[in-house]
**Q** 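Take this structure, written in structure tokens, and hold onto it; I'll ask about it next.
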Number of protein chains: 2
Amino acid sequence: MSTPTGPRAVHAADPDPAAREHPREVPPATVARLPVYLRVLRGLGERGVTTVSSEELAVASGVGSAKLRKDLSCLGSYGTRGVGYEVDYLVHQIGRELGLSQGWHVAIVGVGSLGRALANHSGFAARGTEVVALFDVDPDVVGQRVGGLVVRSAAALEADLDELRVRIGVLAVPAAPAQELCDRMVAAGVTSVLSFAPTELHVPAGVDLRTVDLSTELLVLAYHEQRKASSAAAARTAAPRCTDLLEGAR
Amino acid sequence: MSTPTGPRAVHAADPDPAAREHPREVPPATVARLPVYLRVLRGLGERGVTTVSSEELAVASGVGSAKLRKDLSCLGSYGTRGVGYEVDYLVHQIGRELGLSQGWHVAIVGVGSLGRALANHSGFAARGTEVVALFDVDPDVVGQRVGGLVVRSAAALEADLDELRVRIGVLAVPAAPAQELCDRMVAAGVTSVLSFAPTELHVPAGVDLRTVDLSTELLVLAYHEQRKASSAAAARTAAPRCTDLLEGAR
DNA sequence: GAGTGTGAACACGTTCACAGCT
DNA sequence: AGCTGTGAACGTGTTCACACTC
């Protein structure tokens with residue numbers, strides 16, 4: 001996942017003696033959990049809770065308390081020993097770290113059933129991001145009103161993305177046209193891409209890419225099912241007691 | 001991602017003396033990549049390719065060749081030194097490892113716009129899994145035909161899931177009812193859950209849970225955007241040359 | 001007493017480099 | 001010669017345990 005070590009090259013012949021460290025370097029695993037903490041904290045705040053301990057917040061977030069404290073300590077010392085964390089303040093700090101309050105402009109390319117679902121999905125446009133445009137190639141879809149926006153023609157992709165200052169693009173198209181549309185988004189100034197296309201995409205250095213592959217998720221579960229099935233079968237032949245393989249949460 | 005460290009207990013007071021180790025233990029990180037290799041290999045097969053080297057397959061899959069070889073070596077020695085891997089055979093072996101050809105029965109709970117998109121999504125029902133039922137609480141939705149299936153009432157959830165032998169459940173509902181519906185699926189015999197609900201779910205030991213949180217994905221990208229923006233700003237004040245932060249792939 | 005912040009130990013995952021087979 | 005399979009080195013992420021603070 002990218003190489004967030006500041007503006008420094010990473011190529012082979014570079015001993016990288018003293019890469020000037022940026023003030024705060026948050027590890028990727030932690031970044032991936034911050035949105036979860038944020039959501040849980042907002043929920044607590046709405047229910048009038050003003051203070052939480054790491055243990056409480058950890059349980060509600062489905063992680064261990066030590067991990068949670070270490071994650072939060074990346075952002076600074078925002079807790080009070082013997083007491084816990086102030087909910088509102090923590091929400092503010094996490095939001096700051098994630099770069100919310102910037103209102104990043106997001107565009108969705110591909111208004112099939114998935115694109116439509118994303119456009120309507122409340123909370124997909126989380127606080128801090130705003131879907132400002134939808135694109136599609138199908139002339140029948142172009143011009144339709146979806147989620148309060150009029151679908152634009154993909155022909156105008158570059159011009160529109162540039163004009164709207166879109167930095168984050170969501171790809172909800174089939175595998176075949178995905179790479180080409182991805183390239184065009186990047187050419188138009190998009191530097192972060194979230195793809196739902198079931199194919200491997202290649203992006204130039206400096207562009208962040210995240211891929212959510214729905215069928216992959218299912219196949220991973222199928223693997224676990226198979227393991228459980230064969231374990232159960234093995235246990236059945238061996239011992240009368242079965243179904244007791246435990247697991248952690250998450 | 002659960003705790004797939006074999007059939008080993010994780011709870012406090014459980015020494016679990018001799019958890020019988022199963023023949024092959026595939027690390028979770030590898031399991032998550034197998035579906036990608038599988039897709040790439042099928043694509044190659046359809047284009048008439050019969051043999052690939054680890055390097056070629058690695059590039060096409062967006063990983064390093066050493067990683068790929070190590071992943072494949074978990075399944076056995078299916079390559080030929082000096083030559084590469086036979087595409088068809090590898091497809092077969094990966095499919096075997098993932099437990100395809102079992103035709104796992106999948107149910108989707110929640111037929112809003114996202115549930116609809118999933119039901120229609122070709123390839124969401126990947127080979128090896130089959131969506132056999134849709135459920136919703138809304139009486140207006142119940143009875144509708146979606147993706148070739150008639151939407152059932154959530155009232156009959158337990159009975160229907162049990163009767164249809166559903167082991168894998170997909171939750172495409174809002175946060176509020178998610179936990180309750182998850183519990184009911186588990187009570188009806190579901191042992192793997194894929195949730196799209198923006199909330200933390202708790203499942204009993206022995207049940208696998210994967211959560212895909214769309215807004216989290218966006219916020220992670222927002223974080224990277226912010227870093228890029230501030231790096232660029234810093235570089236602009238420091239040196240005349242900018243936009244040269246390199247990055248690895250993925 | 002209660003609970004945070006953190007070094008130190010540990011587990012997991014990735015990369016390297018090369019031995020060994022075809 | 002070419003490419004797989006894998007031990008060994010490395011880096012990242014998690015867990016433990018406790019010093020320190022309120």
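Below, all heavy atoms of this structure are taken into account, side chains as well, without hydrogens, waters or symmetry copies. A, B, ... follow the sequence lines: proteins, then strands. Residue 1 opens every chain.
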**Q** Nearest 0.5 Å, please: how far is CG in B:D88 from OG1 in B:T51?
**A** 9.5 Å

**Q** From CG of B:L72 over to C1' of D:dT6, roughly how many Å is that when rounded to an integer?
**A** 13 Å

**Q** Would you confirm whether B:R33, through its side chain, and B:D71, through its main-chain N or O, come within 3.5 Å as a donor-acceptor pair?
**A** no

**Q** Are B:L68 and B:Y37 side-chain neighbours, meaning at least one heavy-atom pair lies under 4.5 Å?
**A** yes

**Q** Give, ordered by number, those residues of residues 81-88 of chain A having at least one heavy-atom distance below 4.0 Å to an atom of DNA chain C; if nothing qualifies, reply none.
**A** A:R81, A:G82, A:V83, A:G84, A:Y85

**Q** Could you check whether atom CZ of B:R127 has more than 12 heavy atoms from other residues, nucleotides or ligands sitting under 6.0 Å from it?
**A** no

**Q** Atom CZ of B:R69 and atom P of C:dT14: how far apart are they, to the nearest Å?
**A** 15 Å

**Q** Can you find a pair of side-chain heavy atoms, one from B:D208 and one from A:Y223, that are under 4.5 Å apart?
**A** no

**Q** Quickly work out the A:D71 CG to D:dT15 C1' distance and round it to whole Å.
**A** 13 Å

**Q** What is the distance, to the nearest angstrom, from the CG atom on A:L75 to the P atom on C:dT6?
**A** 12 Å

**Q** Just how far, in rounded Å, is P of D:dT4 from OH of B:Y89?
**A** 16 Å

**Q** Quick one: label A:G79 by what it contacts on the DNA or RNA (base, sugar-phosphate, nothing), any heavy atom closer than 4.0 Å.
**A** sugar-phosphate

**Q** Under 4.0 Å between a Lys/Arg side-chain N and an Asp/Glu carboxylate O for B:E217 and A:R210?
**A** yes

**Q** When you look at NE2 of A:H105, are more than 12 heavy atoms from neighbouring residues, nucleotides or ligands closer to it than 6.0 Å?
**A** yes

**Q** Could you state the interatomic distance from CG (B:L219) to CG (B:L214), rounded to the nearest 0.5 Å?
**A** 11.0 Å

**Q** Both distances under 3.5 Å, Watson-Crick or G-U wobble: on that basis, could you give the dot-bracket string for DNA chain C, with [ ] for crossing pairs and | for other-strand partners?
**A** ||||||||||||||||||||||

**Q** Output all residues satisfying side chain to side chain contact (heavy atoms under 4.5 Å, CB included) with A:E56, sequence neighbours left out; order by chain, then residue number.
**A** A:V52, A:S53

**Q** If only atom types and distance count, is the side chain of A:W104 paired as donor or acceptor with the main-chain N or O of A:G99 below 3.5 Å?
**A** yes

**Q** Using a cut-off of strictly less than 4.0 Å between a heavy atom of the residue and any atom of DNA chain D, enumerate the qualifying residues of residues 46-57 of chain A by number.
**A** none

**Q** Using modelled atom types and a 3.5 Å cut-off, is there a donor and acceptor pairing between side-chain atoms of B:Q226 and backbone atoms of A:R96?
**A** yes

**Q** Considering only heavy atoms from C-beta outward, does the side chain of A:T199 approach that of A:Q179 to under 4.5 Å?
**A** no

**Q** Run the numbers on B:L75 and B:L34 for side chain to side chain contact (heavy atoms under 4.5 Å, CB included), then give the verdict.
**A** CA-CA 10 Å; B:L75 322 189; B:L34 290 180; 4.2 Å; yes

**Q** What residues in residues 92-99 of chain B put a non-hydrogen atom under 4.0 Å from any atom of DNA chain C?
**A** none

**Q** How would nucleotides 8-13 of chain D be written as a contact map, 5' to 3', with B for base contact, S for sugar-phosphate-only contact and - for no contact, using protein heavy atoms under 4.0 Å?
**A** B----S

**Q** Please report, rounded to the nearest Å, how far the C1' atom of D:dT6 is from the OH atom of B:Y78.
**A** 17 Å

**Q** Quick check for you: to the nearest 0.5 Å, what is the distance between A:L41 atom CG and A:L90 atom CG?
**A** 5.0 Å

**Q** Using atom types as modelled and distance alone, determine if a side-chain donor or acceptor of A:S61 lies under 3.5 Å from a backbone N or O of A:V63.
**A** no

**Q** B:V170 pairs by side-chain contact (heavy atoms from CB on, under 4.5 Å) with which of B:L114, B:V190, B:V106?
**A** B:V106

